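Since the model is a prediction, treat every value here as computed from it, not as a measurement. We count ligands from 1, going down the list as the structure has it; atoms in each ligand are counted the same way. Starting from 1, each residue takes its place in the sequence as its number. Keep in mind that the numbers below use all heavy atoms, side chains included, and drop hydrogens, waters and symmetry copies.
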Amino acid sequence: MHTTADIDKIIILDFGSQYTQLIAKKIRSIGVCAHIYPFYVDLETINKYNPKGIVLSGGPASVYDEDSYLLSPFLLELKIPILAICYGMQLIVNYLGGEITLADKKEFGSTKLSVLNSSPLLEGLNINEFNVWMSHSDHVTKLSDDFIIIASTGNCPYAMVENKSRNIFGLQFHPEVEHSEHGITILYNFVTNICKCSKSWSFENIIDNTIVELKDKIGSEKVILALSGGVDSSVAAMLLNKTIGKQLTCIFIDNGLLRLKEAENVKKAFEHFDLNIIYLDRSELFLDALKGIFDPEEKRKVIGHTFIEVFTQEAKKLSEVHWLAQGTIYSDIIESGKGSHAKTIKSHHNVGGLPKDIDFKIIEPLSDLFKNEVREIGLKLGLPNSMLYRHPFPGPGLGIRVLGEVRQEYCDIVRQADNIFTQELINHGLYYDLNQAFVVFIPEKSVGVIGDNRRFNWIVSLRAVKTNDFMTASWAGLPYDFLNRVSTRIINEVPQISRVLYDISNKPPATIEWE
Ligand code: XMP
């Protein structure tokens, strides 16, 4: 049995491109292990990682910027193949004596690429022209003698270049982006034919390797994990359960701010797997702590602190626990700017600020995996689709979906409305087209009429968004008759609600949550 340390790997050096994670995901989808490191990574780290190929990502800089991201010359001494994309290509061509011209305008979008010479990057592609995705300002205007042109576009004579003696390939376009036709073939040819990587990044191997690594680390020691029922903590729990069985204790805390029947559903999802789970209902404690608090950030803090208090008390009751497991995933680590194997505590896991007298070592079984990989592994380990593909739910839960002061009554109302909205989205086949959808409670009353009676009751708003990265989001154009059905059901079935709104704000400037 081998571990990740023994398998063939590609290193991706990040020069700040918005697509860097996509490069890693695409290479992994081919079946080859790939990790991202910052562009300034040192030689020792690279040697330890032992890659069979290097990819230089693109980036927003210009080689002429005073503080431009530089190429570490030792990369060229490693004698392993390099695929340099966009800014990465400009850097390497410039370093080896070519010329880069500053552009006054950006070339962005799909462009026809004409193939002029054969290249191992194009193996299996018997075509002379295809469309590729450009997103650059500067471009190469002269190559040093040891480079040849493979392909050009109308605006960009050196769109694809090769340096045979050094085994360096340069692409001005982005093969990792869906809009680049045959981009995946180019990446495939680079990692399998040129770098000669074997395809060992399969979900079965990932599970086996992770189990070997976890066993080695944990031995016979005990581990605790805060199980929220979300994708990451659930898959982490399943992996650890498979590895160390009853050495793992999961703690599920009902903070009174969860979705309808959440605790029940989590119990149901895990009941076949014989996990050690302690279920705690601490709703009253959380709701008491939130009394009189209106400010969203203050509410987040109170919920976080109360969580830590409850979790710590429970952990202290268990004997001899050495490890705290967290569901941190690879994107969290990359986005924290700490590079590939740095360990960070995910702040919104709410266990970041554990008191000093609880001295756990941290274990993160998913820290090498992207979200799509975590989901696939969850499926392989037997978790249901409905759990793995659910919309994200924020740590503070309904605490930030009940505007202003959080009260039990408000939570109960919004829980019911939210459940109706979600059910209807699922029934109409709309749920999985959205990235997040929920109901917000507005603590204001509005007049309504039911039969001959006036009623003066609460207002809720539906929120449904589409987004790729949750940094920007668009409100979803749900069909009017669907919205009509949801609002009718909510007003009929939740008598405390007299009015339903639909939020049509994009992010930015609005945020996805209302608080
Ligand atoms: P915003 O509202 O900032 O939300 O546009 C972006 C994403 O982050 C989630 N979110 C949170 N998640 N703790 C969390 O665990 C929080 O305090 C928090 N605030 C926002 C939100 O649900 C959305 O997916």
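- For the ring pair (Phe, Tyr, Trp, His ring centres under 6.0 Å) condition, the pairs that include at least one residue of residues 364-405, sequence neighbours left out, are Tyr330-Phe370, His391-Tyr431.
- The side-chain hydrogen bond (donor to acceptor under 3.5 Å, both in side chains) check on Gln416 picks up nothing, with sequence neighbours excluded.
- Of the listed residues (Pro392, Gly230, Pro394, Ala510), the one carrying the non-hydrogen atom nearest atom 12 (N) of ligand 1 is Pro394.
- A cation-pi arrangement is found for Lys9 relative to Tyr49, the charged atom lying closer than 6.0 Å to the ring centre and inside a 45° cone about the ring normal.
- With rounding to the nearest 0.5 angstrom, the CZ atom of Phe15 is 11.5 Å from the CD1 atom of Ile85.
- Of all the atoms in ligand 1, the ones that sit under 4.0 Å from a non-hydrogen atom of Thr511 are 1 (P), 2 (O), 5 (O).
- The distance from ligand 1 to the heavy atoms of Phe470 drops below 4.0 Å at these ligand atoms: 6 (C), 24 (O).
- Comparing Lys299, Arg300, Glu513 by heavy-atom distance to atom 18 (C) of ligand 1, the nearest is Arg300.
- The closest side-chain heavy-atom distance from Val321 to Val223 is not below 4.5 Å.
- Among the atoms of Ile512, some N or O lies under 3.5 angstrom from an N or O of ligand 1.
- Taking every non-hydrogen atom of Pro396 and a distance limit under 4.0 Å, the qualifying atoms of ligand 1 come out as 13 (N), 14 (C), 16 (C), 17 (O).
- Atoms of ligand 1 found under 4.0 Å from any heavy atom of Lys507, numbered from 1 in the order shown, are 1 (P), 3 (O), 5 (O), 6 (C).
- Each of the atoms 13 (N), 14 (C), 15 (O) of ligand 1 lies under 4.0 Å from some heavy atom of Gly395.
- A donor and an acceptor atom, one from each side chain of Trp133 and Glu178, are nowhere located under 3.5 Å apart.
- Considering backbone and side-chain N/O of Gln436, one or more are found under 3.5 Å from N/O of ligand 1.
- In this structure, a donor-acceptor pair under 3.5 Å is present between the side chains of Ser62 and Asp138.
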